[in-house]
Amino acid sequence: MEEKRNEVNDSLPVKSLVVVFSYHHKNTEKVASVIAKVLDAPVKTPQQVTPEELQEYSLIGFGSGIYSAEHHKSLLDLADKLPQAGNKKAFIFSTCGVPAFVYDGERFREFVLKNHLPLREKLVSRGYTIIDEFGCRGFNTNSFLKYFGGLNKGRPDAEDLKHAEQFALNVKAMAEGNRS
Ligand SMILES: Cc1cc2nc3c(=O)[nH]c(=O)nc-3n(C[C@H](O)[C@H](O)[C@H](O)COP(=O)(O)O)c2cc1C
């Protein structure tokens with residue numbers, strides 16, 4: 001019985017893709033690279049993919065910096081155009097500019113999930129199952145912040161990227177262990 005299940009799993013490799021838009025300081029691109037390495041997935045921008053071609057993948061990561069409390073418009077627009085996904089899995093990630101003295105710990109996690117809400121709703125409405133979500137801080141020199149050296153200098157740092165790697169390992173395990 002167990003052997004049979006493994007045979008089925010072996011014949012259905014998870015085909016993964018990471019879609020990222022990262023422009024401010026390429027913060028989210030760093031996170032995307034780490035995740036993509038674990039998943040052995042290509043990294044593409046929303047502009048480099050068509051909604052139809054995403055149908056080829058059984059696991060897709062969608063990420064960007066947070067701009068005005070949501071993901072980048074190009075990612076949200078892509079999600080709007082996706083065909084209905086049958087039994088496809090996705091994960092969401094981001095970097096954001098809020099410093100630890102504003103939100104930390106569980107409050108930061110809540111802040112991340114709130115910023116993810118617009119993208120999450122679109123993906124869920126297209127039939128995607130969201131496996132998990134990841135967020136960390138990113139260097140932020142938006143607007144007047146540039147005159148003060150910015151916030152979150154050096155982020156994402158090695159520890160953030162370690163967390164991103166662990167997140168990807170968990171996502172991989174969940175996607176592989178839960179295929180049908
Ligand atoms: C135009 C603009 C708007 C932003 N709005 C927010 C925001 O609403 N909340 C937040 O936490 N960070 C905000 N940030 C900071 C970015 O989310 C943060 O710097 C992020 O790491 C940028 O990612 P990127 O380098 O991948 O583009 C904003 C940055 C820019 C440039």
Side-chain angles (χ1 to χ4, degrees), residues 16-51 54 57 59-82 90-124 128 130-171:
S16 311
L17 173 70
V18 176
V19 184
V20 67
F21 191 85
S22 177
Y23 80 93
H24 187 39
H25 287 287
K26 301 278 182 193
N27 296 328
T28 324
E29 196 174 283
K30 291 175 191 143
V31 172
S33 300
V34 168
I35 293 175
K37 197 171 168 200
V38 172
L39 299 178
D40 195 20
V43 180
K44 296 193 179 186
T45 65
Q47 294 78 6
Q48 288 170 331
V49 295
T50 62
L54 296 198
Y57 297 91
L59 175 67
I60 307 174
F62 296 89
S64 77
I66 295 299
Y67 318 101
S68 303
E70 58 185 16
H71 282 88
H72 192 260
K73 189 177 179 309
S74 61
L75 207 56
L76 296 170
D77 286 350
L78 175 67
D80 272 334
K81 292 186 199 129
L82 291 174
F91 60 90
I92 298 173
F93 63 100
S94 66
T95 62
C96 62
V98 73
F101 62 78
V102 176
Y103 291 130
D104 209 358
E106 194 47 41
R107 299 273 314 274
F108 179 69
R109 175 80 186 157
E110 284 165 15
F111 178 76
V112 167
L113 293 179
K114 195 167 167 215
N115 289 329
H116 288 188
L117 184 66
L119 178 60
R120 186 189 313 122
E121 284 186 340
K122 288 177 194 298
L123 293 174
V124 169
Y128 282 84
I130 311 299
I131 300 189
D132 204 358
E133 307 189 29
F134 176 84
C136 70
R137 293 177 219 282
F139 186 38
N140 183 9
T141 56
N142 185 33
S143 184
F144 65 90
L145 292 172
K146 60 178 163 289
Y147 302 115
F148 302 97
L151 290 169
N152 302 327
K153 203 165 171 39
R155 308 291 291 271
D157 58 15
E159 202 183 337
D160 294 320
L161 297 179
K162 196 84 206 143
H163 289 152
E165 187 181 23
Q166 190 55 56
F167 167 82
L169 287 166
N170 290 343
V171 162

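In each ligand, atom 1 is the first atom listed, and ligand 1 is the first ligand listed. By convention here, the first residue in the shown sequence is residue 1.
- Taking the side chain as every heavy atom from C-beta outward, Thr141 and His24 approach each other to under 4.5 Å.
- Here the closest non-hydrogen pair linking Val31 and Thr95 is CG2-CG2, 3.9 Å.
- In this structure, the side chain of Asn115 does not engage the main chain of Val112 through any donor-acceptor pair within 3.5 Å.
- Under 4.0 Å from ligand 1, not a single heavy atom of Arg137 appears.
- If you number the atoms of ligand 1 from 1 as listed, the ones under 4.0 Å from a heavy atom of Ser22 come out as 24 (P), 25 (O), 26 (O), 27 (O).
- Remark: ligand 1 and Asn142 share no N or O pair separated by less than 3.5 Å (distance only, no angle test).
- In terms of modelled atom types and a separation under 3.5 Å, the side chain of Lys146 and the main chain of Ser143 share a donor-acceptor contact.
- Ligand 1 has an N or O atom lying under 3.5 Å from an N or O atom of Tyr67, backbone or side chain.
- The 12-atom threshold is not exceeded at CD of Glu159, counting heavy atoms of other residues, nucleotides or ligands nearer than 6.0 Å.
- Remark: ligand 1 and Phe111 share no N or O pair separated by less than 3.5 Å (distance only, no angle test).
- Residue, atom and distance of the protein heavy atom nearest to atom 19 (O) of ligand 1 are Phe139 O, 2.8 Å.
- Around CG of Asp77, the count of heavy atoms belonging to other residues, nucleotides or ligands within 6.0 Å exceeds 12.
- Near Lys26, the atoms of ligand 1 lying under 4.0 angstrom from a non-hydrogen atom of the residue are 25 (O).
- Under 4.0 Å from ligand 1, the heavy atoms of Ser68 that appear belong solely to its backbone.
- Counting the atoms of ligand 1 from 1 in the order shown, those under 4.0 Å from a heavy atom of Ala69 are 7 (C), 8 (O).
- Side-chain polar atoms of Ser64 and Thr28 form no donor-acceptor pair below 3.5 angstrom.
- Neither side chain, Ser94 nor His71, offers a donor N or O lying under 3.5 Å from an acceptor on the other.
- Atoms of ligand 1 lying under 4.0 Å from at least one heavy atom of Cys96, given by number and element, are 11 (O), 17 (O), 18 (C).
- In terms of protein heavy-atom proximity, atom 25 (O) of ligand 1 is nearest to His25 N, 2.7 Å.
- Considering backbone and side-chain atoms together, Ser64 places no N or O closer than 3.5 Å to any N or O of ligand 1.
- Ranking protein heavy atoms by distance to atom 21 (O) of ligand 1, first place goes to Thr95 OG1, 2.6 Å.
- Short contacts between ligand 1 and Gly97, defined as distances under 4.0 Å to a heavy atom of the residue, involve ligand atoms 10 (C), 11 (O), 12 (N), 15 (C), 16 (C), 17 (O), 18 (C).
- With ligand atoms numbered from 1 in the order given, ligand 1 contributes 19 (O), 21 (O) to contacts under 4.0 Å with heavy atoms of Gly138.
- Closest of all the heavy-atom pairs between Phe167 and Ile92 is CZ-O, 4.3 Å.
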Practice prompt. Assess whether salt bridge (charged side-chain N to carboxylate O under 4.0 Å, His left out) is satisfied between Lys162 and Glu165, documenting all intermediate values.
Written response: CA-CA 5 Å; Lys162 196 84 206 143; Glu165 187 181 23; 3.0 Å; yes
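- The option with the heavy atom closest to atom 14 (N) of ligand 1, from among Asn115, Ile66, Val20, Val102, is Ile66.
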